[in-house]
Amino acid sequence: MDIIAGLNPAQKEAVQTIEGPILIVAGPGSGKTRVIAHRVAYLITVCGTSPYHVLAVTFTNKAAREMKERIYHLLGRTVEGLTLGTFHATCARMLRIEAERIGIDRNFLIYDDSDQINLLKRSLEHLGLDPKQYPPRGVGAAISSAKARLLAPAEYRAVVGSYFEEITSRVYERYQELLRESNALDFDDLIMRTVHMFRNHPDILARYQSRYVHVMIDEFQDTNFAQYTLSRQLGGKYRNICVVGDPDQSIYSWRHADLRHILDFEKDFPDARVLYLEQNYRSTGVILKAADHVISVNQERKPKGLWTENKAGEALVVAEAYNEQDEAYFVVNEVEKLVRSGKWRAGDCAVMYRTNAQSRAIEEAFIRYGFPYRLVGATRFYERREVKDVLAYLRLIHNPHDGVSLSRIINVPVRGIGQRTFAEVVKYAGEKGLSLYPALKRIAAEGGADIPLGTRSKQALADFVSMVEEFASLNREADLVVLFDAILEKTGYKRFTLESVDGEERWENILELRNVADGYRDLEPGESLARFLEEVALVSDVDNLEEKADAVTLITLHQAKGLEFPVVFMVGVEEGILPHSKSITDPAQLEEERRLCYVGITRAKEKVYLVHAFRRSLMGSSALNPASRFLADIPPELIKSPSRTPAASESPVATRIPAGHEPVKEPAAAAPSLSLKAGDHVSHARFGEGVVVNCAASGGDHQVTIAFKGDAGIKRFLLSLAPLMKL
DNA sequence: CGAAAGGCTCTTTTT
DNA sequence: GAGCCTTTCG
């Protein structure tokens, strides 16, 4: 198969330029993923490079998987030996292989965010610091930033410049000690430790450098200093380093990504070739033009000449809703119309928002109208309590030094090991210089001779230990699923879950996790657990986004990067939301918000809706947000307002309600005794005159939202109960 | 020892 | 409006 056929001239050049450093600046929809896949295929088939010598780094596991599939299709066979994955996954693999050399246990666990918070809390506690004064999150962010800059505790200590940093450096030291004791690494460690390994062990570096003759990094605009350094290390020998990215889509500075790496690539590699992919194959002309107007306002950027041969297409729809419920209603109603038109399917549509919290109102509307949707993120699967609990058991079995997991499940379900008992164990472990579980084992073995606890507590501890030991031996002999089921039964977790609130749903989640575990049945007993835990630690939600289901996708703007949809609804396009209030005062952050907006618009192939709400409840109270400044940067001729139903009244509140508010079909709602719709004037026995803002089915009744003219403001009633009169 | 209830602070984005 | 922590009672 001809690898080059079907590529445009710029793409061809990008694929065929395989020697020396090369920077590919690829605008949205310019076939970037395609170029990387073709480049790998080209290296292997045309240049005869062994896949073993190729390293390709992607931003998400999903991107890696897609890349693998594309390469498979291009070559017509699977590729053995190719290294293709995220920075984190790739580093984890290398660290496990080299573990002994750098003095870490190769069974190390990867701690996620909440594990990290846990451990930070313990670090603060050890140091006698008040978590109110030094919030674990803030300290954690500072530590993470240090790690992204490759500063180990001692190096960080040397550069502290404020009191807070001084405190941070002390916590950092303690935190690293606890990580080591738990035999765990956090996300940032994976990168930092790898870079340090290469620095301290030139022979190891030389080995990998010789292996990776060709290095490719995708989404280069989102690399942080540690990742950048790693890229340079790996590509240091042959210098066949190909980086691909788009500065305008850099949206991860808060994860310490630094735009300079891509902007200054030519400085770091003076002999670098720079190629531009500027033809867009994704979006209509209008969408591309609108996006370009939005991004052009940024100062810190190189202008690009994006163009497309696609048709001009429809104008963007800008709509104002009254509040977030109304906004959600507008979206559902609009999707419903699109689907009814026969031109679109639900699966063609995506709703994108700045913050996860915004998904709730949208989700509720979709549920209420019985419309299929899939939510990416929010309470992410692997962050659910029941999933984390079961994983904690598995992690403890795999790595008995994992204190975070132990403390998570030692009394879940309750088994008579309360705070007091546990505190004694912690104290005992500290005195003996043991990590928690080994300390427990010793207590159990010695009958708890020198620990001030009652017989009941001691017995509970001993029972716990013997149970975990049973699991450990099962892990050595049996299938992972067998171990999994044994845990659920023996610990009583199954019953515990089913009897809890939302038990059914939580049990479903556990079964879903069990399915994942089942995928590891063909491996050696202990090995399957190791692999399972590794992969579970590194997956993100986008990774599991299945294309099949015909449902509307609900997703954050950040997660949407790299994806595309025929129809995109961006909601909450308001000052304070997008741009986010936390970013409004800092010009650099504001530019990032603008890029986020740009990313959102450029996800769309054919239709874009930009929706903002007049009023929005945030953290309990409600705010009045003006439309986002970004909207003002789109030329009016590219925008149309939604077709409105004739104004039902002159009320300023009612006219704010966007178009098409004839209710979508109500699934299980009884006919209301009094029929009301948005815009109707009503009178309430107690609150006086007002205007109906919304009227929607709710549990066999209708919930009616009314804006009163007097001091009463906005209130909601059940239609059947409220003393209302239509005027 | 554990469950339940009340009071506190916040919520940006995630590998 | 919710999770998290502390307090209180059984």
Side-chain angles (χ1 to χ4, degrees), chain A residues 57-64 85-92 110-114 116-118 121 131-132 135-138 140-141 144 147-148 185-191 219 222-224 226-227 250-257 324 352-361 376-380 382-383 385 411-424 453-454 456-457 460 500-501 535-543 555-562 572 576-584 586 589-590 592-593 595-597 599-600 617-622:
Chain A
V57 180
T58 58
F59 196 70
T60 61
N61 293 302
K62 176 168 184 267
T86 61
F87 270 113
H88 292 90
T90 310
C91 286
I110 298 165
Y111 272 8
D112 72 10
D113 240 38
S114 58
Q116 192 181 20
I117 296 288
N118 262 312
K121 281 183 192 157
K132 296 235 163 63
R137 283 201 168 279
S144 165
K147 289 181 176 180
L185 300 182
D186 66 18
F187 283 131
D188 301 304
D189 279 338
L190 293 174
I191 319 286
E219 306 283 12
D222 286 322
T223 52
N224 63 33
Q227 294 164 331
S250 163
I251 53 175
Y252 283 92
S253 73
W254 50 275
R255 230 168 69 186
H256 318 110
E324 69 267 26
M352 301 182 185
Y353 35 83
R354 175 66 234 264
T355 67
N356 280 307
Q358 289 170 258
S359 69
R360 172 176 295 126
V376 184
T379 21
R380 292 143 57 199
Y382 287 104
E383 282 168 21
R385 196 185 354 153
N411 203 29
V412 179
V414 283
R415 51 173 72 90
I417 306 174
Q419 279 173 30
R420 233 210 181 81
T421 311
F422 187 64
E424 284 302 331
L453 286 172
R456 256 227 330 252
S457 304
S500 68
V501 225
E535 266 160 66
V536 155
L538 293 173
V539 290
S540 67
D541 259 41
V542 209
D543 297 337
I555 194 169
T556 66
L557 286 164
H558 281 89
Q559 292 180 114
K561 192 179 68 162
I577 304 286
L578 181 70
H580 195 273
S581 53
K582 299 247 170 188
S583 306
I584 263 169
D586 176 9
Q589 284 189 52
L590 198 59
E592 182 146 317
E593 297 288 314
R595 292 194 289 269
L596 208 43
C597 183
V599 166
S617 36
L618 287 165
M619 266 187 280
S621 55
S622 97

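Only heavy atoms go into these numbers, but all of them, side chains included; no hydrogens, no water, no symmetry mates. So you know, we letter chains A, B, ... as the sequences are listed, proteins then strands, and number each from 1.
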Measure the distance from CZ on A/R255 to P on B/dT13 and round it to the nearest whole Å.
13 Å
Tell me if a side-chain donor or acceptor on A/H558 pairs with a main-chain N or O of A/I251 at a distance below 3.5 Å.
yes
Side-chain N or O of A/N356 versus OP1/OP2 of B/dT14: is the shortest distance under 4.0 Å?
yes
Measure from the side-chain heavy atoms of A/V414 and tell me the nearest of B/dT11, B/dA3, B/dT13.
B/dA3
Comparing A/F87 with A/R137, nearest DNA chain B nucleotide closer to 5' gives the residue A/R137
Do you know which two heavy atoms are closest between A/F59 and A/D222, and how far apart they sit?
CE1-CB, 3.8 Å
side-chain hydrogen bond (donor to acceptor under 3.5 Å, both in side chains) partners of A/S250, counting only residues at least two apart:
none
Stem list, DNA chain C (Watson-Crick or G-U pairing under 3.5 Å, at least 3 consecutive pairs):
B:1-10 with C:1-10
Return yes if a side-chain donor-acceptor contact under 3.5 Å exists between A/S617 and A/E324, otherwise no.
yes
Roughly, in whole Å, what's the span from NZ in A/K582 to C1' in B/dC10?
8 Å
For A/L596, which contact category applies under a 4.0 Å heavy-atom criterion: base, sugar-phosphate, or nothing?
nothing
On the nucleotide B/dT14, are OP1 or OP2 found under 4.0 Å from the side-chain N or O atoms that A/Q559 carries?
yes
Any base atoms under 4.0 Å from A/R360, or only sugar-phosphate, or nothing? Heavy atoms, all strands.
sugar-phosphate
Starting at atom CZ of A/R595, determine the distance to atom P of B/dT13, rounded to an integer number of angstrom.
18 Å
Out of B/dT13, B/dA3, C/dG1, whichever nucleotide has its closest atom nearest the side chain of A/T556:
B/dT13
Could you pull out all residues at least two apart from A/I110 that satisfy side-chain contact (heavy atoms from CB on, under 4.5 Å)?
A/A92, A/R96, A/F108, A/F187, A/L190, A/E534, A/A537, A/L538
Using a heavy-atom cut-off of 4.0 Å across all strands, would you classify A/E219 as base, sugar-phosphate, or nothing?
nothing
Measure CG/A/D586 against P/B/dT13 and give the value in whole Å, please.
18 Å
Does A/T421 reach a base, just sugar-phosphate, or nothing at all? Heavy atoms under 4.0 Å.
sugar-phosphate
Of all residues at least two apart in sequence or in a different chain, which pass the ring-ring contact (aromatic ring centres under 6.0 Å, His included) check with A/F87?
none
When you compare the ring of A/F59 with the six-membered ring of B/dT15's base, are the centres less than 5.5 Å apart and the planes under 30° from each other?
no
Mind calculating the distance between CD (A/E592) and C1' (B/dT14) to the nearest angstrom?
12 Å
Can you tell me how far P of B/dT13 sits from OH of A/Y252, to the nearest Å?
11 Å
In the structure shown, which nucleotide is the Watson-Crick or G-U wobble counterpart of B/dT13, with both distances under 3.5 Å?
none
Heavy atoms from C-beta onward define the side chain here; which of C/dA2, B/dT15, B/dT14 lies closest to that of A/T60?
B/dT15
Nearest whole Å is fine: how far is B/dT11 P from A/I117 CD1?
11 Å
Describe the nucleic acid contact of A/D112 in one word from base, sugar-phosphate, nothing, applying a heavy-atom distance below 4.0 Å.
nothing
With a 4.0 Å cut-off on N to O distance, would you call A/E219 and A/K561 a salt bridge?
yes
Output a table of nitrogen or oxygen pairs between the protein and nucleotides 5-9 of chain C separated by less than 3.5 Å.
{"residue": "C/dC5", "atom": "OP1", "partner": "A/K121", "partner atom": "NZ", "Å": "2.7"}

Most 5' of A/D113 and A/R415 on DNA chain B, judged by nearest nucleotide
A/R415
Taking atom C1' of B/dG2 as reference, at what distance in whole Å does atom CG of A/N411 sit?
9 Å
In chain order, what residues pass the side-chain hydrogen bond (donor to acceptor under 3.5 Å, both in side chains) check against A/D112, with sequence neighbours excluded?
A/S114, A/K388
Set of residues satisfying side-chain hydrogen bond (donor to acceptor under 3.5 Å, both in side chains) with respect to A/Q358, sequence neighbours excluded:
A/T355
Those residues that, when tested against A/S457, pass side-chain contact (heavy atoms from CB on, under 4.5 Å) (two or more places apart):
A/T421, A/L453
side-chain hydrogen bond (donor to acceptor under 3.5 Å, both in side chains) filter on A/N224, not counting sequence neighbours, yields none
When the P atoms of B/dT13 and C/dC4 are considered, how many whole Å apart are they?
15 Å
Nearest-neighbour nucleotide for the A/S457 side chain, B/dC1, B/dT14, B/dT15 considered
B/dC1
